[in-house]
Amino acid sequence: MKRVVVLGATGSIGSSTLDVLGRNTEHYEVLALAANRSDHGLLEPCRRFRPRHVVLRDPAAADRLGRALREEGFHDIEVHAGEAAMAEIAAHPDADQVVAGIVGAAGLEPTLAAVRSGKTVLLANKECLVTAGALFMDEARRAGAHLIPVDSEHNAIFQVFPGEAGRPGVTGIQLTASGGPFRTRPLETLATVTPAEAVAHPNWDMGRKISVDSATMMNKALEVIEAHWLFDIPPGRIGVVIHPESIVHSMVEYADGSVLAQMGNPDMRTPIAAALAHPGRIPSGVAPLDLAAVATLHFEAPDYARFPALRQAYRALEEGGTAPAILNAANEVAVDAFLEGGLDFPGITRVIAGTLDRAAPGPADSLDTVRVADAEARRLAAEVLAEEGR
Ligand SMILES: NC(=O)c1ccc[n+]([C@@H]2O[C@H](COP(=O)([O-])OP(=O)(O)OC[C@H]3O[C@@H](n4cnc5c(N)ncnc54)[C@H](OP(=O)(O)O)[C@@H]3O)[C@@H](O)[C@H]2O)c1
């Protein structure tokens, strides 16, 4: 029986994780669930999984959840509030696996707490590696934490990589990208894209922020950075190929010309189940892949003019230090503004470019430097955003 902590339990990754856990209750026990402020969203999973602990970052939401649970007679579920409690639960001595499913840079501290306590961390929160990749990987090595990627592309690569030692013969990796909902939309109409259109991904059902990131291809940009740190591969050997069907989830290239790919229907429950059970396999609820029904798979090179975010990622990786944290923070500010109706769709990459131009990246030698760079980038992005509005 493995005891699992799910951070971001009310989100898209969290719900898919709970769905998989619910199909495999003979092997997994939910030790704790954590979210930001969705007390309502945690109630049903509490009824179903009876975790020992729940954590909400927002104290008022935690109060509400505590009252609701007591009214229903769940006196044995302990309710905690705040960021410190989130980090404590991520490092709980009884936890075997921690699912890092919080969205954005807010996921860094609790995920790092799990890493520092040497847990097996199922990493969905790519922002950890984007903002603090070197520090994060150092901490994982020092603490002996086991990182298993959940992001479908990285999980695919993880599945087809040769063992962990040395990776003989690997010459590069190819991340596949669907191209999102605007791959073929006339460029001149992108300014009229609405938030509802941007979050309607053609293949994947995901949270709002990552869906917008997929539409701008910032998601792939962040994934290039994530892959660099996770697999210790130089940026020049990480390619991106557009694959609109999202059946091939990514590929590893070998010196002899072999290319190993992992395939499956586009449903996050597959990589989540693969990560939970690694190195074993458990049912995920995902329908088997019917290649005859899919019939045709397409691949094409990315259009960098349409998707400037990709170049921004390679630029940030080249600059190194805090540059990727700056890129990520600027993106979070711009995506929020777009979702709230305060910025047009092409404005997202303009705000990021403006922030990268103004910011002065330095070495990312401590978590504090990363926090400061993140805060400064948010301030600069707000400045660029305000100028956009004029
Ligand atoms: N969705 C996917 O298919 C997918 C695929 C690959 C990778 N990922 C990555 O997985 C992560 C989660 O994505 P998602 O799509 O599942 O996001 P989502 O649906 O928006 O869910 C986000 C989760 O994070 C929680 N949260 C937000 N801010 C928080 C904070 N400050 N402290 C604690 N919890 C907080 C939310 O709680 P509330 O509900 O209370 O706000 C919610 O449970 C992202 O890093 C994303 O890039 C997602």
Side-chain angles (χ1 to χ4, degrees), residues 5-20 32-45 54-62 64-65 80-90 98-111 113-114 121-131 148-156 158 175-178 180 199 201 203-214 216 218-223 225-227 230 246 249-250 265-272 274-275 286 328 331-332 335-336 339 374:
V5 172
V6 185
L7 304 175
T10 52
S12 164
I13 288 290
S15 313
S16 295
T17 302
L18 292 175
D19 183 281
V20 176
L33 298 172
N36 186 19
R37 56 166 68 104
S38 299
D39 48 310
H40 274 297
L42 279 185
L43 201 50
E44 187 48 40
V54 282
V55 187
L56 281 162
R57 193 194 53 81
D58 178 40
R64 287 194 299 273
L65 180 63
H80 314 268
E83 280 168 21
M86 190 88 53
E88 260 172 53
I89 220 69
V98 178
V99 178
I102 293 175
V103 65
L108 176 60
E109 311 264 343
T111 310
V121 177
L122 279 52
L123 191 67
N125 177 280
K126 62 194 78 180
E127 292 87 349
C128 288
L129 286 171
V130 172
T131 57
I148 306 184
V150 164
D151 222 344
S152 57
E153 296 76 2
H154 305 74
N155 185 267
F158 183 75
L175 300 178
T176 50
S178 70
V199 301
H201 195 280
N203 305 336
W204 297 95
D205 181 11
M206 306 184 288
R208 283 163 68 75
K209 192 259 177 185
I210 186 177
S211 297
V212 176
D213 286 349
S214 294
T216 57
M218 178 52 82
N219 184 46
K220 209 52 51 185
L222 300 181
E223 285 177 9
I225 302 175
E226 181 184 8
L230 260 180
S246 301
H249 297 304
S250 278
N265 285 317
D267 186 321
M268 284 308 292
R269 291 176 299 173
T270 294
I272 289 169
V286 178
N328 179 67
N331 180 53
E332 287 189 19
V335 170
D336 272 351
L339 285 172
D374 175 281

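Counting starts at 1 for both ligands and their atoms, following the listed order.
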Query raised in the report: Do Asp58 and Asn36 have a side chain donor and acceptor closer than 3.5 Å?
Result: no
Query - Residues in salt bridge (charged side-chain N to carboxylate O under 4.0 Å, His left out) contact with Glu44, at least two apart in sequence or another chain - result: Arg47
Query raised in the report: Do Ser178 and His201 have a side chain donor and acceptor closer than 3.5 Å?
Result: yes
**Report entry** Residue list, salt bridge (charged side-chain N to carboxylate O under 4.0 Å, His left out) with Asp267, at least two apart or on another chain
**Finding:** Arg269
Could you go through ligand 1 and note, for every N or O atom, any protein N or O atom closer than 3.5 angstrom, writing the atom names and distance to 0.1 Å, or 'none'?
{"residue": "ligand 1", "atom": "1 (N)", "partner": "Ser12", "partner atom": "OG", "Å": "3.1"}
{"residue": "ligand 1", "atom": "10 (O)", "partner": "Ala124", "partner atom": "O", "Å": "3.4"}
{"residue": "ligand 1", "atom": "15 (O)", "partner": "Gly207", "partner atom": "N", "Å": "3.0"}
{"residue": "ligand 1", "atom": "16 (O)", "partner": "Ser12", "partner atom": "N", "Å": "3.1"}
{"residue": "ligand 1", "atom": "16 (O)", "partner": "Ile13", "partner atom": "N", "Å": "2.9"}
{"residue": "ligand 1", "atom": "19 (O)", "partner": "Ser12", "partner atom": "N", "Å": "2.9"}
{"residue": "ligand 1", "atom": "24 (O)", "partner": "Val103", "partner atom": "N", "Å": "3.4"}
{"residue": "ligand 1", "atom": "37 (O)", "partner": "Thr10", "partner atom": "OG1", "Å": "3.3"}
{"residue": "ligand 1", "atom": "37 (O)", "partner": "Asn36", "partner atom": "N", "Å": "3.1"}
{"residue": "ligand 1", "atom": "39 (O)", "partner": "Thr10", "partner atom": "OG1", "Å": "2.5"}
{"residue": "ligand 1", "atom": "39 (O)", "partner": "Ser38", "partner atom": "OG", "Å": "2.7"}
{"residue": "ligand 1", "atom": "40 (O)", "partner": "Asn36", "partner atom": "N", "Å": "2.9"}
{"residue": "ligand 1", "atom": "40 (O)", "partner": "Arg37", "partner atom": "N", "Å": "2.7"}
{"residue": "ligand 1", "atom": "40 (O)", "partner": "Ser38", "partner atom": "N", "Å": "2.8"}
{"residue": "ligand 1", "atom": "40 (O)", "partner": "Ser38", "partner atom": "OG", "Å": "3.0"}
{"residue": "ligand 1", "atom": "43 (O)", "partner": "Gly8", "partner atom": "O", "Å": "3.2"}
{"residue": "ligand 1", "atom": "43 (O)", "partner": "Thr10", "partner atom": "N", "Å": "3.3"}
{"residue": "ligand 1", "atom": "43 (O)", "partner": "Thr10", "partner atom": "OG1", "Å": "2.6"}
{"residue": "ligand 1", "atom": "43 (O)", "partner": "Gly11", "partner atom": "N", "Å": "3.1"}
{"residue": "ligand 1", "atom": "45 (O)", "partner": "Glu127", "partner atom": "OE1", "Å": "2.7"}

Query raised in the report: Rounded to the nearest 0.5 Å, how far apart are CD1 of Ile272 and CG of Asn155?
Result: 9.5 Å
Query raised in the report: Listed by chain and number, what are the salt bridge (charged side-chain N to carboxylate O under 4.0 Å, His left out) partners of Glu223, not counting sequence neighbours?
Result: Lys126, Lys220
